[in-house]
Amino acid sequence: MFKFYQMKYIFQMLDKMRCLRKRSTVSFLGVLVVFLLFMNLYIEDSYVLEGDKQLIRETSTHQLNSERYVHTFKDLSNFSGTINVTYRYLAATPLQRKRYLTIGLSSVKRKKGNYLLETIKSIFEQSSYEELKEISVVVHLADFNSSWRDMMVQDIMQKFAHHIIAGRLIVIHAPEEYYPVLDGLKRNYNDPEDRVRFRSKQNVDYAFLLNFCANTSDYYVMLEDDVRCSKNFLTAIKKVIASLEGTYWVTLEFSKLGYIGKLYHSHDLPRLAHFLLMFYQEMPCDWLLTHFRGLLAQKNVIRFKPSLFQHMGYYSSYKGTENKLKDDDFEEESFDIPDNPPASLYTNMNVFENYEASKAYSSVDEYFWGKPPSIGDTFVIIFENPITIKKIKVNTGTEDRQNDILHHGALDVGEKLTLSKQIRQCDTYLRLGDFKNGNFEMSDVNQKIPFDIHCMRICVTKTQKEWLIIRSISIWTS
């Protein structure tokens, strides 16, 4: 009787939605998205009944358009509820407290090679003792082959028993009965049937992993199971998050490859899990993530250099095919990320389009771009508070525009900040040195300068015909 009234209520809601479609500008697809997610939250047993799985497949044939559906998805589908899945704990001790960062891995049996143990080892070895206190690693063994799972659990427990006991490592499995239909799916992009099955299952694997991790930490980063980490990657991530305080973001990217190094707020994980389930058969997960970011109104990619994670697998988890992809922005010792304290940036150069001065000071993959500068032009950084600088590094030009460098320039530092013509600037400057081949780098600045620095200035010492790109300004404080 309860199910009868429940379904009656659902159909009443659907009728109301049909009326709404006639009276408003909300698209029919947007209404169906709301309805289907409603079904996800209230129907018993698994995340959706068999008949509704078919409805999801029919609905998801529509092309995703982030501009069109952003308001529908963001404003009407703010789902915080987790998906009803009973996980099997293969190796775990109860989490004692919420951590700062959860690292998620999903792994299946490969026809060639196995990199999961090396990936877990890299995570722990590249983290300091203090960093280990702030992370948890959740491994979803998503293969339906129980013999393989048992073998992997035994290996993991032998090699990482102390991390399991400390609550830093959890190994789980989502049973096959919770999965939607994986055979006879649409062959988008003319993919062969087995390829469609593989990538569709992978979307569900990730969705169940995200769902499990929703309340384990403040932030979540997804890795693949064949990844090498840079040293002290957590410290680097924390610096980046702190630098973005007060700004809106959905996804931060610490690798340009696949589903590696993608960071989220944990409160977004339930919504992302629902999203991957709803469109699981449409496209690979890394493509879906682009739509998810757009639906939540982050239009541009926010990616950081150097990359903190590197793909190390040679054989793909799909059919054991060769996969030689490497992230050429990866650095093994990338923990030395600059501090770049809060500052305002000014220039009297002619700025091209929206490549404004502030982009040269950001750790995001952006830069300042100006039209040919003249002698006497300046690029000034005014710090909010006087600072003691340990190291300065300035790079100009890019790989594809190697001539757009500062051919003749110098770098000054100043003190005694005053207000002149409504612009803050320093009264006195001291020259540190000249640019060489478009770059400037100096260490031990605090041992050369007798005062705390309030300003830093890049000076053009000779007019040039070429445009100027200031790719990055990096400052390390004492």
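- The nearest pair of heavy atoms linking Lys201 to Val108 is NZ-CG1, 3.9 Å.
- With Ser127 contributing its side chain and Leu132 its backbone, the two residues share no donor-acceptor pair below 3.5 Å.
- In summary, the side chains of Asp205 and Tyr179 do present a donor paired with an acceptor at a separation below 3.5 Å, with no hydrogens or angles considered.
- A donor-acceptor contact shorter than 3.5 Å links the side chain of Asn203 to the backbone of Met283.
- Judged by distance alone, with hydrogens and angles left aside, the side-chain atoms of Lys238 form no donor-acceptor pair with the main-chain N or O of Ala236 at under 3.5 Å.
- Around atom CE of Met151, more than 12 heavy atoms belonging to other residues, nucleotides or ligands sit under 6.0 Å away.
- In this structure, Lys159 fails the cation-pi test against Phe124, since its NZ or CZ atom is not both closer than 6.0 Å to the six-membered ring centre and inside 45 degrees of the ring normal.
- Glu356 places none of its side-chain heavy atoms less than 4.5 Å from the side chain of Glu366.
- Side chain to side chain, Thr86 and Tyr178 meet the donor-acceptor criterion of an N or O pair below 3.5 Å.
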Apply ring-ring contact (aromatic ring centres under 6.0 Å, His included) to residues His265 and Tyr219 and explain how you reach the verdict.
CA-CA 5 Å; His265 297 277; Tyr219 300 96; 5.5 Å; yes

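- Closest approach of Gly261 and Phe309 over heavy atoms only: CA-CD1, 3.7 Å.
- A donor and an acceptor atom, one from each side chain of Glu131 and Thr235, are located under 3.5 Å apart.
- For Asp268 and Tyr220, the side-chain atoms include no donor-acceptor pair closer than 3.5 Å.
- Each of Leu209, Thr251, Asp286, Leu272 was checked for a side-chain contact (heavy atoms from CB on, under 4.5 Å) with Met222, and the lone residue meeting it is Leu209.
- For an aromatic pair to be called close, the ring centres must be under 6.0 Å apart, and Phe279 with Phe275 satisfies this.
- Between the side chain of Arg149 and the backbone N or O of Asp143, at least one donor-acceptor pair lies under 3.5 Å.
- In terms of heavy atoms, Tyr361 sits closest to Asn340 at O-ND2, 2.9 Å.
- Glu125 and Lys231 are not joined by a salt bridge, as no carboxylate oxygen comes within less than 4.0 angstrom of a charged side-chain nitrogen.
- When only modelled atom types and interatomic distance are considered, Thr216 and Ser136 share no side-chain donor-acceptor pair under 3.5 Å.
- Between Tyr206 and the options Leu276, Leu288, Leu289, a side-chain contact (heavy atoms from CB on, under 4.5 Å) holds for only Leu276.
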